[in-house]
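Counting starts at 1 for both ligands and their atoms, in listed order.
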Amino acid sequence: MTLELEGLTKVYKDKTALDDVSFSFTPGIYGLLGPNGAGKSTMMNLISDNLTPSKGRVLLDGRGIDELGSEYRKLLGYMPQQQNIYPELSLRRFLYFMASLKGLKKSEAGKDIEHYVRMVKLDDVLGKKLGAFSGGMKQRALIAQALIGNPGILILDEPTAGLDPKERIRIRNLISEVAKDKIVIIATHVVTDVEFIAKEIVMLSNGKIIRSGSPSKLLNELDGKVWNIFLSDNEIDEVNTGYKVSNISRDADGVIARIIADSYDGRWQKEAVRPNLEDLYLYLNGD
Ligand SMILES: Nc1ncnc2c1ncn2[C@@H]1O[C@H](COP(=O)(O)OP(=O)(O)OP(=O)(O)O)[C@@H](O)[C@H]1O
């Protein structure tokens, strides 16, 4: 299965939100990263056929999704950004409702619902109203609805927004678990959500893909550019104005600033550190 973006462009009035983007997705997890307004939601909405492109196309195995229509939509599982999802509906009614929108028969829906609520560990609250769910439970309910019908393409918009670390890890593991043989596209601001589970990272900025590739391939770019430097409290401002600082911590001897610099010839003692994706994000998007 190949999902292809071919010169995909979306213009809202005078704003080009997505600018001539071409890319191929094959089964595996993709992490879509980029600052606010980069075009992530626009790309997800075009892929999920909620928006019509101004130019370009989305193709599944060589056929335009406009031409595939409902055949394509049956293959899609979409998890929107968290919102107040039908607070008065019980989880059971919500999932049956979503299954009916996907065109599943009641008996098929029942089997899928049973399977996926167990997977997301909400099987004991099927009768409870969504309004009474915690943030993590709501996210898991949204993942369950996206999985109904076992779609080949799963689109997840900020699946861990607002969650505590334990729930975030739980959701991350769940995504890895269900990703087999599926194209999974996750848009997130939480770089660590995708750093360890994504086959490929796609970085968007101003409607264009500025980097794509496996996390390890992308990190090669930062080889020899990330340092811990050791300074005192009153030198923090100086470092902040001269360098991209991805972290500041303290130990008994003073302050440790993690900086990203093409070359470092500062006066502070330094130690090379292994780059991570957050460093790269800052390197590419920091001011
Ligand atoms: N319906 C719309 N009308 C006009 N402009 C829009 C519309 N939707 C998005 N935009 C603009 O298009 C650009 C891309 O927005 P988009 O929501 O795709 O970005 P994003 O990367 O998802 O951002 P965020 O991380 O904040 O969700 C932004 O400048 C946004 O203001």
Test log, rule salt bridge (Lys or Arg N to Asp or Glu O under 4.0 Å), inputs D66 and R57:
CA-CA 8 Å; D66 46 343; R57 292 201 301 169; 5.1 Å; no
Counting only nitrogen or oxygen atoms and a 3.5 angstrom limit, does T42 reach ligand 1?
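Between T42 and ligand 1 (N or O atoms, distance only) the closest approach is under 3.5 Å.
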Do any nitrogen or oxygen atoms of A38 come within less than 3.5 Å of a nitrogen or oxygen of ligand 1?
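Yes; the residue has a nitrogen or oxygen that sits under 3.5 Å from a nitrogen or oxygen of the ligand.
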Salt bridge between E158 and K40, side-chain N to carboxylate O under 4.0 Å?
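Not counted as a salt bridge, because no side-chain N and carboxylate O are separated by less than 4.0 Å.
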Could you tell me whether R258 and D279 make a salt bridge, using a distance below 4.0 angstrom between a side-chain N and a carboxylate O?
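A salt bridge is present here (some side-chain N lies under 4.0 Å from a carboxylate O).
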Using a heavy-atom cut-off of under 4.0 Å, does the side chain or the backbone of M43 touch ligand 1, or both, or neither?
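It is neither; nothing of M43 touches ligand 1.
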Region of P35 engaging ligand 1 - heavy atom pairs below 4.0 Å:
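P35 to ligand 1: backbone contact only, side chain stays beyond 4.0 Å.
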Write out the residue and atom name of the closest protein heavy atom to [atom], then the distance separating them to 0.1 Å.
atom	result
atom 23 (O) of ligand 1	G37 N, 2.8 Å
atom 29 (O) of ligand 1	K15 CE, 3.2 Å
atom 12 (O) of ligand 1	A17 CB, 3.3 Å
atom 27 (O) of ligand 1	S41 OG, 3.8 Å

Within a distance of under 4.0 Å, is there any protein heavy atom near atom 31 (O) of ligand 1?
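Given the 4.0 Å limit, the answer for atom 31 (O) of ligand 1 is no, no protein heavy atom qualifies.
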So which atom in G31 and which in V194 form the shortest heavy-atom distance, rounded to 0.1 Å?
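Nearest heavy atoms, G31 then V194: CA-CG1, 3.8 Å.
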Any G39 heavy atom less than 4.0 Å from ligand 1
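Per 4.0 Å heavy-atom rule, G39 contacts ligand 1.
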Say whether K13 and ligand 1 are in contact under the criterion: heavy-atom distance to a ligand atom below 4.0 Å.
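For ligand 1, residue contact (heavy atoms, under 4.0 Å) with K13 is absent.
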